[in-house]
Amino acid sequence: MGAAAGPAGRGIRFEPGERPPLPVAAGLGLQIAVTPLFVAILVPTVAFRAAGADAGLLTWVVFVSVLVCGLTAALQAVRFGRIGAGFILAPSVSAAAIAVATDALRSGGPALLATLVVSAALLQLLLSLRLSWLRRILTPTVSATVVLLIVVNVMPVIFGMLDDVPEGVSPAAAPLAALTTVFVIAAISLKGTGAWRLWAPIAGVVAGSLAAVPFGLYDTAQLAEAAWIALPEPRWPGLDLTLGPAFWALLPAFGFVTLVTTMQAISGVLASQNVSWRRRRALDYRSVQNAVTTSGASSLLAGLAGGISMSSLSTGASVIQITGVASRVVGIAMGAVLAAFAIMPKALTLVLSVPGPVLGAYIAVLMAILFAVGLKLLLTDGFDHRKGLIVGLSFWTGLGFQYDLIFPELVRDFAGGLLTNGMTSGGIVAILLTGFVLLTESRPRRLRTDLDPAAGKAIQDFLAGFASGNGFGKAMADRLSAVGEETLLTLLSTETTDDRPARRRLRVTARRQGAGAILEFMAATGSENLQDRVMALGDRVDEVSAEQEVSLRLLRHLSSSVRHQQYHDADIVTVTVEPPAGA
């Protein structure tokens, strides 16, 4: 079914639309903000230092990155028109952009980098407008693979942090601090109930930091020297509008980074949706579309200020899983916390002073949970041998490229070493394999008509011809005809007088899959999600009328799966139909 949640009562204390107490929202916002904060500092530092940028420019770019992260976090939490996913997302700077950003700085300086980031952001905004066109490529399977590979991508950094201690410190310091952090988070999460779960992550960080104090791992000198409020000197680079050879040479690489950040945004919002509800719900692709739009807008803003392309992390889903709080208020609080860090050096230093082993252990727990969330997202879309092969090959390819286990000399030299990022290389493999499956599928048949009751006859004739052309027997032909009729009736029932346009076009696509068939009904958007209504039959029948219930029950009986994807520009129902027993 592609549902976004599992059984009811999954430990969710606050759903997205509910309001937790302000101290809870602020505390969780701080806990989720830690990881994007470090990434927003680390990525620009690596890229600009590799290009030989001066300290003043680097300070300005870090400030811009953290501030844009805060603004984006708040925008993603609130849903207004086509802006904001309406879920907790952790925005940050794209690690996949390090290599190309360094090349741009070396080739044309900050102005060229800003122009390329703005161009890539405009591309992402265009993709968000027609995301439905990529629905069969950027599938939940590909998104789940990217979530799994995020863990692979982050693990080298985590392993490096676990033993990041000054020389001369006792060998027991790092293991003790890290194990204390993991134990406290795990113990509270596994056995704690009620409010205890809310503070499991921060309790682990505090306990690990206290364990590190006797060994001198917590540096308080920088904290005392840092100012409470300070703004860096503005270093706006402007835009290089000459569009010379360096721009055109680097533009394809930045376009590829845009594809990666789009996959990250999709993966992040799908992961958050998957753990945010008490009862099963269909995945909301309008929310996905909004998330990509907001991600593109944040990259545009960062590029205009001289920063690097933005992306989304999936750590918000991990904290939701631990605490059971999915309220949008937490996302707004996270945005406020990140914005405060940008202008308050003392608060920023306080977080940066957390010992490396403690922070590494904290992120390791989040990554472990995120890996499980990725597996769960994979299963919600159904799982067969094809998807298993796509995920398996993509994951192990990404792992091999990340750790220089597969042709390291060739991979390092290709596209500036972009493929050494496991998430990037594995994501490419997943997309290519998915595209191969699409290209080798049987040729579909299509029908275009109006979405109204009079279309029933045309759909029946179309499906009868499809059944005859594929050698289906009478039993299968009758089942396809019944599915077409009930899907049409149900789509018509999802409209209301207010949202019904004068004329809605309908495209019906039918293709064979094994002994069965897949029917796709694509129309202008409606108001209700058919997949949610089908699932509601098993929970609360009063959500649908008696007439609608008959059609929904027939549709559920006749089909093996119903998937409804609602975008701002399209309403797509995909029905998988297997032949009757003995046919």
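Not measured: the values here are computed from a predicted model.
In terms of modelled atom types and a separation under 3.5 Å, the side chain of Ser309 and the main chain of Val117 share no donor-acceptor contact. Checking side-chain atoms of Gln76 against main-chain N and O of Ala291 turns up a donor-acceptor pair under 3.5 Å. Between the side chain of Gln273 and the main chain of Asp284, a donor-acceptor pair closer than 3.5 Å is present. Side-chain atoms of Thr261 come within 3.5 Å of backbone atoms of Thr258 as a donor-acceptor pair (strictly under, hydrogens ignored). Judged purely by atom type and a 3.5 angstrom limit, Trp60 uses its side chain to pair as donor or acceptor with the backbone of Ala305. At distances below 3.5 Å, not a single donor-acceptor pair connects side-chain atoms of Asn290 with backbone N or O atoms of Arg79.
Listed by first then second residue, pairs satisfying side-chain hydrogen bond (donor to acceptor under 3.5 Å, both in side chains) with a partner in residues 22-46 number zero, not counting sequence neighbours.
Annotation: side chain of Pro21 is in contact with side chain of Val24 (closest heavy-atom distance under 4.5 Å). Looking at heavy atoms from C-beta onward, Leu393 lies in side-chain contact with Leu433 at the 4.5 angstrom threshold. With contacts defined as side-chain heavy-atom distances shorter than 4.5 Å, the pair Pro140/Arg563 qualifies. Here the side chains of Val269 and Val292 are not in contact, with every heavy-atom distance at 4.5 Å or above. Between Ile431 and Met263 there is a side-chain heavy-atom pair separated by less than 4.5 Å. Put simply, the side chain of Leu270 does not reach to within 4.5 Å of the side chain of Asn274, judged on heavy atoms.
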Quick one: side chains of residues 61-74, donor-acceptor pairs under 3.5 Å with protein atoms, not counting sequence neighbours, listed by atom name and distance.
{"from": "Ser65", "atom 1": "OG", "to": "Val61", "atom 2": "O", "distance (Å)": "2.8"}
{"from": "Thr72", "atom 1": "OG1", "to": "Val68", "atom 2": "O", "distance (Å)": "2.7"}

Can you give me every donor-acceptor pair (side chain of residues 181-190, partner residue at least two apart or in another chain, under 3.5 Å) with its distance?
{"from": "Thr181", "atom 1": "OG1", "to": "Ala177", "atom 2": "O", "distance (Å)": "2.9"}
{"from": "Ser189", "atom 1": "OG", "to": "Ile185", "atom 2": "O", "distance (Å)": "2.7"}

Which atom pairs, donor and acceptor, lie under 3.5 Å between side-chain atoms of residues 84-95 and protein residues at least two apart or in another chain?
{"from": "Ser92", "atom 1": "OG", "to": "Pro36", "atom 2": "O", "distance (Å)": "3.1"}
{"from": "Ser92", "atom 1": "OG", "to": "Ala40", "atom 2": "N", "distance (Å)": "3.4"}
{"from": "Ser94", "atom 1": "OG", "to": "Ala96", "atom 2": "N", "distance (Å)": "3.3"}

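Here the CD1 atom belonging to Ile32 is positioned 9.5 Å from the OG atom belonging to Ser318, to the nearest 0.5 angstrom.
Listed by chain and number, the residues in a side-chain hydrogen bond (donor to acceptor under 3.5 Å, both in side chains) with Thr293 are Ser128 (sequence neighbours excluded). With sequence neighbours excluded, the residues that form a side-chain contact (heavy atoms from CB on, under 4.5 Å) with Ala121 are Ser299, Leu300.
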Open item on the list: The test is side chain to side chain contact (heavy atoms under 4.5 Å, CB included); show your working for Trp228 and Lys346 and say whether it passes.
Closed with: CA-CA 5 Å; Trp228 281 104; Lys346 192 175 286 291; 3.3 Å; yes
Open item on the list: Is there a salt bridge (Lys or Arg N to Asp or Glu O under 4.0 Å) between Arg278 and Glu18? Walk through the geometry before answering.
Closed with: CA-CA 12 Å; Arg278 296 189 184 96; Glu18 299 172 350; 2.8 Å; yes
Task: Stepwise side chain to side chain contact (heavy atoms under 4.5 Å, CB included) test for Phe395 and Ile390 - done: CA-CA 8 Å; Phe395 180 82; Ile390 291 173; over 6 Å; no
